[in-house]
Number of protein chains: 2
Amino acid sequence: MRHRLLTRAELSTETGISKPTAGESVRRLTEAGLVVDTGRRTPGGRGRGRVGSYYSLAPDVGTALAVSVAPEGVVAECVDAYGNLVARVEEPVGRPARPDDVATALGRAVDRVRELVEARQEADFAGDRGDRGDRGELGPAGRLRLDAWPRLAVVSAADPVDRHTGRLLQLPDAPFLLGEIDPVAVLAGRVAGTVLVDNDVNWAAEAERAAAPMDDFAFVYLDEGLGCAIVSDGEVRRGHRGVAGEVAHLVTVGPGGRAMPLIEVFGLLGLRHGRSTAIDVDRLLEERPPEVVTAVGGLVAALATLIDPEVVVIGGRWGTPLSDVIAEEVSRSPRPVPVRAASVKNEPSLAGARAQALDMLRALIVGR
Amino acid sequence: MRHRLLTRAELSTETGISKPTAGESVRRLTEAGLVVDTGRRTPGGRGRGRVGSYYSLAPDVGTALAVSVAPEGVVAECVDAYGNLVARVEEPVGRPARPDDVATALGRAVDRVRELVEARQEADFAGDRGDRGDRGELGPAGRLRLDAWPRLAVVSAADPVDRHTGRLLQLPDAPFLLGEIDPVAVLAGRVAGTVLVDNDVNWAAEAERAAAPMDDFAFVYLDEGLGCAIVSDGEVRRGHRGVAGEVAHLVTVGPGGRAMPLIEVFGLLGLRHGRSTAIDVDRLLEERPPEVVTAVGGLVAALATLIDPEVVVIGGRWGTPLSDVIAEEVSRSPRPVPVRAASVKNEPSLAGARAQALDMLRALIVGR
DNA sequence: CATTCTAGTCAGGGCTCTTGCCTAGAAGGG
DNA sequence: CCCTTCTAGGCAAGAGCCCTGACTAGAATG
């Protein structure tokens, strides 16, 4: 998976397994249909010895789906076992997002991804036939009609997710952006295997961890919704129901030193959108009220005492630009903790979901 | 380890390994000195077949130490691989506990445990010789002079512990009961292998988990000091430095709805001992001020939002009796979470440390 | 005293791995 | 131009650990 193309001798040195065993393993894997002789041979130019045969994963080991579901719309990506992006579809949703619209967009995005994958396989098939035909070397792989269905899906949703059912959860006093949709039900008929759903913030934290490996940190996401992911001992910890880090209701320091839930601070400051429960990010960024910084400082302090993170990473549309001020606020507290802005800027949740999808696909291919 | 005494045939059915292989394994284990033929034979009375030979762990696989270090004093226990208590010593410390006194008590307790273990081995040795002599069957095990040194130690300390060094840490605004002692240094010359030190609350949570298996819960310990252990996905999570759950400084709801650190509430209510930073438990239990219940409610609410526990377990000298009132307070909050009193009443921290010591000893014996 | 039952052993064989050596086939130098 | 050198890959033999099935040892029972 890491090298894409290897001879048996290379596999032997790479893995430390002896040559005969590596050769025999490749034979068994080929027989099982997991590995194919690509027909390619080692170039004469490299070294002088005998030419080797390049093997690779069979083209039909399958693909995985990574999907991001947010109020703006749905993004669905299909990756293969090498981590290549095979297809990508963006499906916008009109604002305000109604649950039904989101669910349909999700279904449509995945359907369109499958069409793209099919088209691409068709093209590869034709190309393969052409190539091989020229060299008179049509491998068995070229003859297969491939299955375009992803073997699994990993979904990132911009709302709390029930760990066991995969359904989105409305928590009291928390913004609920997408509504009661059930991604597992929507994808059940569109994916061959598991559908894993989790909160976008948890996936973003996963991406952050991949970018800068850390065992213990907290990822605070400050956008229209408020979220937080907790990574302990190298894993995202989701809690019993899966709603660990749903910080909207955490008691913090409000205006005038009063104790109040974090989300209430925004209400008091008139920073919540009139009709929905979401935060008015544009206005917040204009006004940058110090009360908000103090309140977030309280959240970070609570994380520091309860989780003891190495660092608190701040992301989100208003969290990232305010991270400096928050860091300063926290540095003045009696238990300071390093605070920094998120390092993954581009679609962090999707990146995390994609990495997870790739991991799971590889495990599925390798595992028993 | 679970059965103490088994024949090769029993080992075979118990493990699912075939009889010849089980027999061969026992031969290898005996050769390696891990297992011995006890000389005992299956009683004629049970079944009719041929008599079998009972094998057991070799008597020299070693023991492990579990130690609890608290302001009242030190308790040291020695357990064998079966989980038997081999020796126990209690070493009181005069109050107020001075760091030097605690360190000496720790060393003395461990020394006395070793003396007890040695005495007991001497007795066993004599007994063995007597028994076997009568039956003319002196096994090779009886001849060994055993090593009384524990192979590892697990220490529970009533203060925050640095995860990497094992030293006790003074955190700002938190009670510091034992002082800057370094259990690893004290035990280095008294234990053959690893010395693992952790906070008493974490060990108590471990004991709680053993009593009622739960994957995600928080354990709040309310005594002279304030502590909290966080169990996520079946493991105690210690955080980066190891001070996760040091809640004394957590911002909560103080008198008059003001946001303030938890420990400050006790200061305002005059519930801290004059000279030390510890809480005056007796007075607290007399007065049972509602402000304390509200403040603890804030702590539980913070745990509920950040950790999403299945239940919050409350222990400690004043936490246990107040757990009902706290549960009621929490049930009125917008995010209620089940709250109950701790179920392990008897030396919970030592019980947790003992279980860990046993686990590690067994891993040491089995592992490579 | 033959039968029955259990503990333990023996023989043979399978699977997967190893090492050591051999063959195939290309490149390069005298 | 041929021989040497080098790499890919295959073959043979054997180690290690496991299995199944059949056998032996030795006690209790009727």
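Numbered from 1 within each chain, the chains take letters A, B, ... in sequence-line order.
Although no hydrogens or angles enter the test, the distance criterion places no donor-acceptor pair under 3.5 Å between the side chain of A:Trp203 and the main chain of A:Arg354. Put simply, the side chain of B:Asp216 gets close to the backbone of B:Asp233: a donor and an acceptor are under 3.5 Å apart.
Residues satisfying the side-chain hydrogen bond (donor to acceptor under 3.5 Å, both in side chains) test with A:Asp198, not counting sequence neighbours, are A:Asn202, A:Arg238. Residues passing the side-chain hydrogen bond (donor to acceptor under 3.5 Å, both in side chains) test with A:Arg114, sequence neighbours excluded: none.
For the pair B:Arg151/B:Ile365, a side-chain contact is recorded, criterion being any heavy-atom separation below 4.5 Å from C-beta on. Side-chain contact between B:Thr63 and B:Gln121: absent, with no pair of heavy atoms (C-beta onward) separated by less than 4.5 Å.
Remark: C1' of D:dG9 and CZ of A:Arg41 are 12 Å apart, rounded to the nearest angstrom. A straight line from CZ of A:Arg8 to P of D:dT7 spans 18 Å, rounded to a whole angstrom. Per the geometry, OH belonging to A:Tyr55 stands 11 Å off C1' belonging to D:dA8, to the nearest Å. Counting to the nearest Å, the P atom of C:dC17 and the CZ atom of A:Arg27 are 12 Å from each other. Between the C1' atom of D:dA8 and the CG atom of A:Asp37 lies a distance of 13 Å, rounded to the nearest Å.
Among the protein residues, B:Gly52 comes within range of the sugar-phosphate backbone only, with heavy atoms under 4.0 Å from sugar or phosphate atoms but none that close to a base.
OP1 or OP2 of C:dG8 lies within a sub-4.0 Å distance of a side-chain N or O belonging to B:Ser53.
For B:Arg50, taking side-chain heavy atoms from C-beta onward, the closest of the listed nucleotides D:dA8, C:dT6, C:dA26 is C:dT6.
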For nucleotides 18-21 of chain D, give me every protein contact, N/O to N/O, under 3.5 Å, one pair per line with atom names.
unit_1: D:dC18; atom_1: OP2; unit_2: B:Arg28; atom_2: NH2; d: 3.1
unit_1: D:dC19; atom_1: OP1; unit_2: B:Ser18; atom_2: N; d: 3.4
unit_1: D:dC19; atom_1: OP2; unit_2: B:Ser18; atom_2: N; d: 3.2
unit_1: D:dC19; atom_1: OP2; unit_2: B:Ser18; atom_2: OG; d: 2.6
unit_1: D:dC19; atom_1: OP2; unit_2: B:Thr21; atom_2: OG1; d: 2.5

